[in-house]
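See below for the structure under consideration.
For ligands, and for the atoms within them, numbers begin at 1 and follow the listed sequence. Just the heavy atoms: all of them, side chains too, but no hydrogens, waters or symmetry mates, feed the values below.
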Amino acid sequence: MADRYLHLTGTAPGRFLTRRLGLPRPTPLLRWSPEIPRLDGALLHLTAGVPAVAGVAEVLDRVGLPVVGGSGRADRTAAIVLDATGVATAAGLGDVYAALHPVVRSLAPGGRVVVLGTVPSPADHHQAAAQQALEGFVRSLAKEIGRGATVQLVRVPGGGGTAEAAESTLRFLLSPRSAYVSGQVIEITAEAPGPGPVADPLTDPAAPLTGRTALVTGAARGIGAAVASVLARDGARVIALDVPGVREELARTADRLGATTLPLDITAPDAAERIAAAAPDGLGVLVHNAGITRDRRLANMPAGHWASVIEVNLDSVLRTTDELLKSGALTRGGRIVATASIAGIAGNTGQTNYAASKAGIIGLVRSLGPRAAADHGVTVNAVAPGFIETRMTAAVPLFIREAGRRLNSLSQGGLPVDVAEAVAWFARPDSAAVNGQVLRVCGQSLLGA
Ligand code: NAD
């Protein structure tokens, strides 16, 4: 469904009207395309205090933007990375202010700010306070920065770690692929015990999933179709799964991508076996995207509404994940990406069943991530979309729909491709140190923030 308001605010009369009425004025977001492969401008690399992590400059050099140091000047600043890993006291926070205060206004529209921190220490409450303070700082700056710019906090492993583990994350956040992600905190994991997730060298940086098979559930339309498309773009052999009832729509989507189809209800008792059979050489990426809503307030909710939502959105995800890991169908170095929702974080009237199922996904990811890495070399992460323009949200009544679109820091809904780009980042072979994370793709929605 078209966001007519966003188009209106791009016209001269629309700009005049919205300014006079004090209405939100969303900036159209620049998304990745072959014509817009990277941000337009320089990357300003700043530090606050003495960095506690090595290798940040080397990683930033590889991001693909010209890097300018603290004392340098750029005609156009597309991104600012502030290394605050060494901030360990309340007084040290003054260095964060001093670094960003003079330059934040010079950030180009649609620019990126990434603050690098470390995990708050359970053994040092001064360091923990200072590092946790960065979260409040980032979330606030993301709310006020405006003009389509985004702000994130990336926690890299301290204790002598290097920034290399965060490279795929920085590449994603400092690119047009993360246009609808803002106000997020991402924790890069330290070396996992056991075999650990595999970081394969990229054979082709433009097609990092070359040689991998990716299965996407609910792929006939909406977010699932976009995920299938982006994974195919990144080189994966895609298997598109959806219920037999939408076989034709599924075939049309798959044909466009050169994908194969698997018409299958994910709640079928033999779903895992059929998935494994469809990928005889093993699965490298499993994306649990299929989901349904059956909304009613709890007092009016038929038992069937409750049961079907839990079954499709959560139970089938748990079951197929367990079976595919156990059978080894998910190969070492594999990636599981599940789909939560901000409703699972904030709750929503009429959605006790849906929010429970999506919060359950968050529980699954946080618990299984470290164990799946240790036992199978597989990472487990989730995307939590906010308001995304799909058939699901087009069915929402007008006023609630408008509120959903505007009540976020970017004052607009996201597109299915925004979620798909986040899934593709989790799926990358070099995202081995991104595990157990839940990334909200919601433009920093006020709900549950
Ligand atoms: P959609 O309804 O457009 O597409 C969902 C797809 O899943 C459909 O093709 C459907 O046939 C398929 N599906 C449903 N039950 C299935 C089953 N039992 N087996 C196999 N396939 C099944 O929805 P969407 O908006 O694209 O949402 C995709 C996912 O993102 C869902 O998990 C949804 O809960 C989540 N999500 C969406 C939004 C949003 O704003 N659109 C927000 C938060 C979360």
Side-chain angles (χ1 to χ4, degrees), residues 1 3 180 215-230 239-254 261-272 274-275 278 286-295 307-317 319-320 337-348 351 353-362 364-365 382-396 400-401 403-405 407-408 412-420 422-423 438-443 445 447-448:
M1 161 130 337
D3 183 348
Y180 198 59
L215 182 129
V216 184
T217 71
R221 64 175 199 225
I223 295 172
V227 171
S229 164
V230 169
I239 303 172
L241 179 155
D242 212 305
V243 286
V246 299
R247 196 183 289 267
E248 282 166 19
E249 199 176 359
L250 181 66
R252 276 196 300 277
T253 303
T261 62
L262 181 55
L264 171 67
D265 186 325
I266 195 68
T267 64
D270 62 347
R274 305 237 338 245
I275 290 172
L286 171 62
V287 184
H288 293 292
N289 162 81
I292 58 169
T293 51
R294 296 284 182 273
D295 297 356
S308 56
V309 168
I310 298 291
E311 175 66 8
V312 174
N313 296 4
L314 181 59
D315 213 9
S316 71
V317 174
R319 214 170 35 240
T320 49
V337 186
T339 309
S341 163
I342 57 166
I345 297 167
N348 207 7
Q351 291 200 316
N353 51 355
Y354 182 76
S357 72
K358 295 302 189 179
I361 291 292
I362 296 174
L364 152 71
V365 160
V383 283
F387 185 98
I388 305 295
E389 306 280 356
T390 64
R391 210 185 285 183
M392 196 185 251
T393 47
V396 172
I400 301 176
R401 190 165 70 228
R405 275 189 181 132
L407 287 180
N408 60 74
Q412 58 197 289
L415 300 181
V417 71
D418 297 324
V419 182
V423 171
V438 177
L439 185 82
R440 293 171 56 136
V441 183
C442 65
S445 169
L447 300 179

Protein contact of [atom] - nearest heavy atom, named by residue and atom, plus distance:
atom	value
atom 43 (C) of ligand 1	P385 O, 3.3 Å
atom 22 (C) of ligand 1	A290 CB, 3.5 Å
atom 30 (O) of ligand 1	T339 CG2, 3.4 Å
atom 23 (O) of ligand 1	M392 CE, 3.9 Å
atom 5 (C) of ligand 1	G291 O, 3.9 Å
atom 7 (O) of ligand 1	G218 CA, 3.4 Å

Quick check against the 3.5 Å criterion: does [X] have a side-chain atom that pairs as donor or acceptor with the backbone of [Y]?
X	Y	answer
S357	L314	no
N289	G218	yes
T267	V312	no
N313	I292	yes
R319	A271	no

What part of [X], side chain, backbone, both or neither, has a heavy atom within less than 4.0 angstrom of ligand 1?
X	answer
I223	both
I292	side chain
E249	neither
D265	both
A340	backbone

May I ask which of [options] has a heavy atom nearer to [atom] than the others do?
atom	options	answer
atom 42 (C) of ligand 1	S341, G413, G386	G386
atom 16 (C) of ligand 1	V243, T390, L264	V243
atom 19 (N) of ligand 1	T253, L241, N289, I266	I266

Pairwise side-chain contact, [X] with [Y], heavy-atom cut-off 4.5 Å (strictly under):
X	Y	answer
T390	P416	yes
I266	L241	yes
L407	F387	no
V417	V230	yes
V419	I388	yes

Quick one: which ligand 1 atoms are inside 4.0 Å of a heavy atom on [X]?
X	answer
G222	26 (O)
Y354	33 (C), 34 (O), 35 (C), 36 (N), 43 (C), 44 (C)
V312	15 (N), 18 (N)
I388	39 (C), 40 (O), 41 (N)

Self-check item: T217 heavy atom under 4.0 Å from ligand 1
Solution: no
Quiz item: Contact between E389 and ligand 1, counting heavy atoms under 4.0 Å?
Solution: no
Quiz item: Listed by chain and number, what are the side-chain contact (heavy atoms from CB on, under 4.5 Å) partners of A272, not counting sequence neighbours?
Solution: T320, E323, L324
Please indicate whether any nitrogen or oxygen in [X] is less than 3.5 Å from any nitrogen or oxygen in ligand 1.
X	value
T393	no
D242	yes
R221	yes

Self-check item: For the student: nearest non-hydrogen atoms of V383 and V337, plus distance
Solution: N-CG1, 4.5 Å
Quiz item: What closest approach, in Å, do G443 and N408 show between heavy atoms, and which atom pair accounts for it?
Solution: O-CB, 3.4 Å
Quiz prompt | R401/E389 salt bridge by N-O under 4.0 Å criterion | solution = no
